[in-house]
Structures are given as structure tokens and as C-alpha cells.
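Atoms within each ligand, like the ligands themselves, are counted from 1 in listed order.
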Amino acid sequence: MSLYLGLDLSTQSLTGVAIDPDRRTIEWQGAVSFDADLPAHGTRAGVLANDDPRIVHSPPAMWVDALQILMERLAPAVDVSRIRAVAASGQQHGSVYLSARAPTALASLDPAQGLRAALGDVFTRATSPIWQDSSTSVECDEIRRALGGAEGAARATGSDVFERFTGPQIRRFYRTEPAAWERTAHVALVSSFVTSLLAGRLAPIDHADGAGMNLMDVATRDWHAGALRATAPDLARRLGPLAPSTIAIGPIAPWFSKRCGFAPDTLVLAGTGDNPSSLVGVGLVEPGQAAISLGTSDTFFACLDAPSIDPTGQGHLFGSPTGDWMALLCVRNGSLARERVRDQFGLDWRGFSEAIASTPPGNAGKVLLPWFEPEIAPRLAHPRVERHGGLSPADAAGHCRAVVEAQLTSIRLHSAWIGDRPRAIRTTGGASANPAILRILADVFDCPVQRFRSTHGAALGAALRAHHGHLLARGEKPRWSEVVAGFTDPEPGSTIQPDPKNRAAYDDLADRFRTLLRARPGA
Ligand code: ADP
Ligand code: XUL
């Protein structure tokens, strides 16, 4: 009967998932690929080329176009009038800069026009820095100093100051383009921007995604006065208030009801980050379990009932949409590094998986350091690609295994602060469809790996949040465990058990990796 729609605006695509909670079914899944469906915007893997490899931006106008296309694909496939609520998630940290015209433009989107034309020119910055950007080291140093060093920054905002986080990105914009900053009346995150389009009004940034900005005080869940001061003048006004992830923003904008057939009272919920949304989408609504998302970035995360920060300064504390906390480790060289190795040897995913299967666990000692781009965890300002243990440049199968073993071993080492070795790891993201990768994951972590019906954990999480928020708005007291039940149960018979015979090989690899990480690059 009632349907709920979840959207995820990620690095390379916009995905939608529509669910029927009564039947516990996924009624529709669809995606708009930025490169393939919107070639006019000129992105590769969702981002714009730049002469400076540290600068990674995407055009927000492309995201507006993607939303229209997704709706055009949804409308003939699903009875849109049955959708009771919509929620969105977005790649974290990326920022959208809007003029003072934005509230009026959002409130008066003309259904006779395409969404981008209806919105008009509301951007004070034509491109949005996204999470892959690493151009703000100077700004990071300044903000870190103002917050009392790396530990002070992490205690205040949940993370040391990171290049991709929104605060340093805002500071760089304010410094390098002061006139455009002056014209900027509103700064949105990707998640709050999509939500603003859906609701036809400026939507607040939620506590979960807000924790990825180096601007939110994790103790009070309000803006941190010292961080605001260290970032840019008059920032609080431009950011607007923070809000819990569960609040309703209002009914869907008439552009969507008139043009796509949504009921005018379809509720729009607050947006959140893709990782917090995935936490719900894989069912981590109670503390004590862990998950990995193998998407454009690889992220390892867990739900916490109390805030905790990484003493090594490489991990993050974000909010969970449930109101709990989330510990997260983010690896930039995820899917794109695997694709790079795959393409280097002219393989497809099947060939890549067969190559892995043809090599022994531990790769007979062959190791690849796979950081083709600057890395987030471990924190590396420059790429670092090295072959060790006799891995020859022409060894295709050795490289396929080595890139995955290196990524997952590195995640094992850098996620140790999150807690004991997990009892099971839930998986999501595009590469979680690959059993060869999941087998290595189970062995590296020496724990069972669980798979799900959908690899779109963030979009599914958004749909589940839409259902939860709709029940709340009706005055009910929904329990998260009941909202996710039936959607986030691992696929029966799909669990991959670790092979105890491989334990020693991966303990050895972890030791070797630790030593290589301590060594000077290239030594
Ligand atoms: P995002 O983080 O942008 O939402 P996705 O979760 O959609 O990304 O994952 C996209 C990535 O999934 C692609 O870049 C691709 O490398 C990877 N992928 C898709 N299918 C497979 C597969 N069978 N094996 C390994 N990786 C895959
Ligand atoms: C998390 C991070 C990425 C983005 C893109 O800190 O930077 O995972 O959210 O998915």
C-alpha cells in the first residue's frame, strides 16, 4: 500500500530505492550515472578534471539534472502517488554555495520547466568541492592550531582537521574567492542540498552529516563557536541551524507533485550523509556490530552508544541517524584503485575475480601499496604505489589479489581503535557484489561476512529513514529495529565464513604492512 523512497547522491551516481514496508519488499531500484547519463557535464567517475590533482570538484547543476532524470525513470515504474515520504543521503563533506535568491527560487520551482531551468542560477560557486579534494592542507593547519592541535580538534569536532571536511573547504573558498564568498548567503552539504530541492525550501544540515565538517561540537551537537571563528566570518548565518536526522522538513515541492505524480502531502525528511545512511541500510541500528561499504570510497564503520575518537587521528566520529554515534574509517583508494588494476591488465570483473581465485591467500608474500591518489587512511599527502615481495609489474593475477589484500589489511590495522575484532561484518556498496573480494575480507578480518539483497545500502537506508520519519510525524513511536527488520537481514545462505587455515598468512601480512607503513616511502 504505502511506499517510501530513498535517494543517495554519491560520487558517481544518483540511486533511488522504493520500498513497501508492509510486504517488506524493494519495489524499485534505479540509478542515474553521472558520466553515462549526463555527458554534457563532462565528468569522469563523477568529478571534473583539474590541472591540480589535489582539487576535486563536481558541478552541482549536474546533481539537479540527475534528480530530474531519476524521477522520470521512477514515475513510469512505480505508482508514485503511493509514496508517503522521501529521504535523501549524499556523499559526505561536499559543499554547495548558494546566493540569497535560493530560498525564493526553491519555493517557486515552475513545473512547466526542467528542474535546473526552474531553479535558475542560484550557485555562487559553479563547482562543489567533494570528499576526494585534498587541496586544503594550509587551511587544515590553521584550523587545527586554533582548536588546540589534532587531539583538541578531534575532541571538539569528532575528527582531526581533514582536507576534505567542509570547514577547511569553506575557509579555502572564503580566502581564494572573497567576492564570491560575499555573495554566498547559504552553504549546504550535498545531502541538505538535495533535500532542499525535494522540499522546495532550504533544509537544515543534520547532526550525523554535520559531524563531518570540523564545525559541529560533538558534545552539544551545535555549531562549535571556536571552529566557526577559525573557518570564515559570519559563518553561522550561512550554515543555518543543525537538526536531528529524524525531523520532517515539510511536504514535497509542487514541482514533483505536479510533474511526477507525487501526492502533494508526500513528506520530505532531513537528509544525511551516505555513510550514516548506510548504517541504517545494513541494519546497524544498535551498537556492537560493524560494516564495510565498498563503493567509490571504502568505509568501515560501526554504531556506538557513546562518542569515542581515534587516538591515532585517522578515523572519525560521526552521528548516526538513530541519534547514536558512528565510528568510521574512510579509504579514498577504494573501487577506483581496484578498477585501475583491473583495467591495467585489460580485465573485466569476472577476469579480476578469476585472477584472484588463481592465487593463494597471502599472495606468496607479494605486496602492493595501492595508494594511486593521496590517501585519507593512512593519511598520505602524495600517492604511494610500491611493489614488494617479488611482485613483478607484469604479474596480472598477483596484482589483482595484492590490491584487495592491501586495502583490506590496511582497513583492519586502521580500524583497530573502533573496538574488538567484529563478530561479523555486514557489506554494502558496488564491490560487495563480488564474492572474491568478500572472501578476502572474511579471511583478513577472520570473521564471517554477511551479504544483503541490495548493494545500495545508503539509498535503502534513506528509504527506511523515510518510513521511520513518516511514522514519527504521525505521532507514533517507531522502533528502529522494527523499521529495518526484513530489509536488513543478511541473505540466507550467503554468509562467507573465514578459513582458519588462512589466519597465519593474514597475520603475517598485517605485520609486514605495519613495517612498510613505518618505512620511508620508496625505501
Ligand atoms: P558510490 O560510493 O559512488 O555510491 P557504489 O557503491 O555504487 O559507489 O560502487 C561503485 C563501484 O562499484 C564502481 O566504481 C565499481 O568499481 C564497483 N563495482 C561494481 N561491480 C563490481 C564488481 N562486480 N566487483 C568489484 N567492484 C564492482
Ligand atoms: C567519508 C567519505 C566518503 C564520502 C563518499 O568520510 O569521505 O565515504 O562520504 O562516499
Side-chain angles (χ1 to χ4, degrees), residues 7-17 29 31-36 43-47 56 58 66 89-94 129-134 158-159 162-166 169 189-191 208-209 211-214 272-279 281-282 292-301 314-318 326-343 347-356 375-377 400 403-404 407 427-441 451 454-462:
L7 305 178
D8 176 46
L9 201 157
S10 69
T11 320
Q12 304 189 58
S13 56
L14 171 66
T15 303
V17 168
Q29 301 194 52
V32 176
S33 155
F34 301 142
D35 295 2
T43 58
R44 256 189 92 182
V47 306
V56 185
S58 298
S89 67
Q91 47 172 306
Q92 297 195 253
H93 318 298
I130 68 146
W131 64 275
Q132 289 165 330
D133 189 287
S134 58
S159 301
F162 277 82
E163 280 76 359
R164 70 192 192 287
F165 275 40
T166 326
Q169 290 292 342
L189 290 182
V190 176
S191 60
D209 213 9
M213 300 174 79
N214 284 135
T272 195
D274 56 357
N275 291 296
S277 195
S278 291
L279 195 74
V282 298
I292 195 163
S293 171
L294 300 165
T296 308
S297 59
D298 288 344
T299 55
F300 181 92
F301 49 85
Q314 306 201 64
H316 312 297
L317 174 71
F318 296 151
M326 159 175 207
L328 180 134
L329 187 88
C330 177
V331 173
R332 174 175 176 188
N333 288 278
S335 277
L336 299 182
R338 291 186 285 276
E339 281 179 23
R340 188 156 171 155
V341 170
R342 179 198 70 178
D343 296 346
L347 301 169
D348 55 13
W349 285 126
R350 193 163 154 199
F352 183 88
S353 307
E354 285 168 2
I356 289 178
E375 183 45 75
I376 295 165
C400 294
V403 66
V404 178
Q407 291 172 320
T427 58
T428 186
S432 69
N434 189 319
I437 295 175
L438 299 191
R439 154 112 326 269
I440 297 178
L441 175 65
R451 302 172 65 183
S454 170
T455 57
H456 302 300
L460 175 60

Give the atoms of ligand 2, by number and element, whose distance to some non-hydrogen atom of [X] is under 4.0 Å.
X    : answer
R164 : 1 (C), 2 (C), 6 (O), 7 (O)
H93  : 1 (C), 2 (C), 6 (O), 7 (O)
S297 : 3 (C), 5 (C), 8 (O), 10 (O)
T299 : 8 (O)

At a non-hydrogen distance cut-off of under 4.0 Å, which region of Q12 contacts ligand 1 (side chain, backbone, both, or neither)?
-> both
Contact partition for A433 relative to ligand 1, non-hydrogen atoms under 4.0 Å | neither
Proximal atoms of ligand 1 relative to [X] (non-hydrogen, under 4.0 Å):
X    : result
S335 : 11 (C), 12 (O), 14 (O), 16 (O), 17 (C)
S10  : 1 (P), 3 (O), 4 (O)
G429 : 6 (O)

T296: heavy atom below 4.0 Å from ligand 2, yes or no?
-> no
So which protein heavy atom does [atom] come closest to, and at what separation?
atom                    : value
atom 10 (O) of ligand 2 : D274 OD2, 2.5 Å
atom 1 (P) of ligand 1  : T296 OG1, 3.4 Å
atom 12 (O) of ligand 1 : G430 CA, 3.3 Å
atom 2 (C) of ligand 2  : C330 SG, 3.4 Å

Check the side chains of N434 and S353 for a donor-acceptor pair under 3.5 angstrom, ignoring hydrogens and angles.
-> yes
Should the proximity of N275 to ligand 2, defined as any heavy atom under 4.0 Å, be assigned to the side chain, the backbone, both, or neither?
-> side chain
Considering the options R164, H93, Q92, which one meets the side-chain contact (heavy atoms from CB on, under 4.5 Å) requirement together with C330?
-> R164
Would you say R338 contacts ligand 1, with heavy atoms under 4.0 Å as the rule?
-> no
Can the ring centroids of F165 and H316 be said to lie less than 6.0 angstrom from one another?
-> yes
Quick one: is the NZ or CZ of R342 closer than 6.0 Å to the six-membered ring centre of W349, and within 45° of its axis?
-> yes
Is there at least one pair of N or O atoms, one from Q92 and one from ligand 2, spaced under 3.5 Å apart?
-> yes
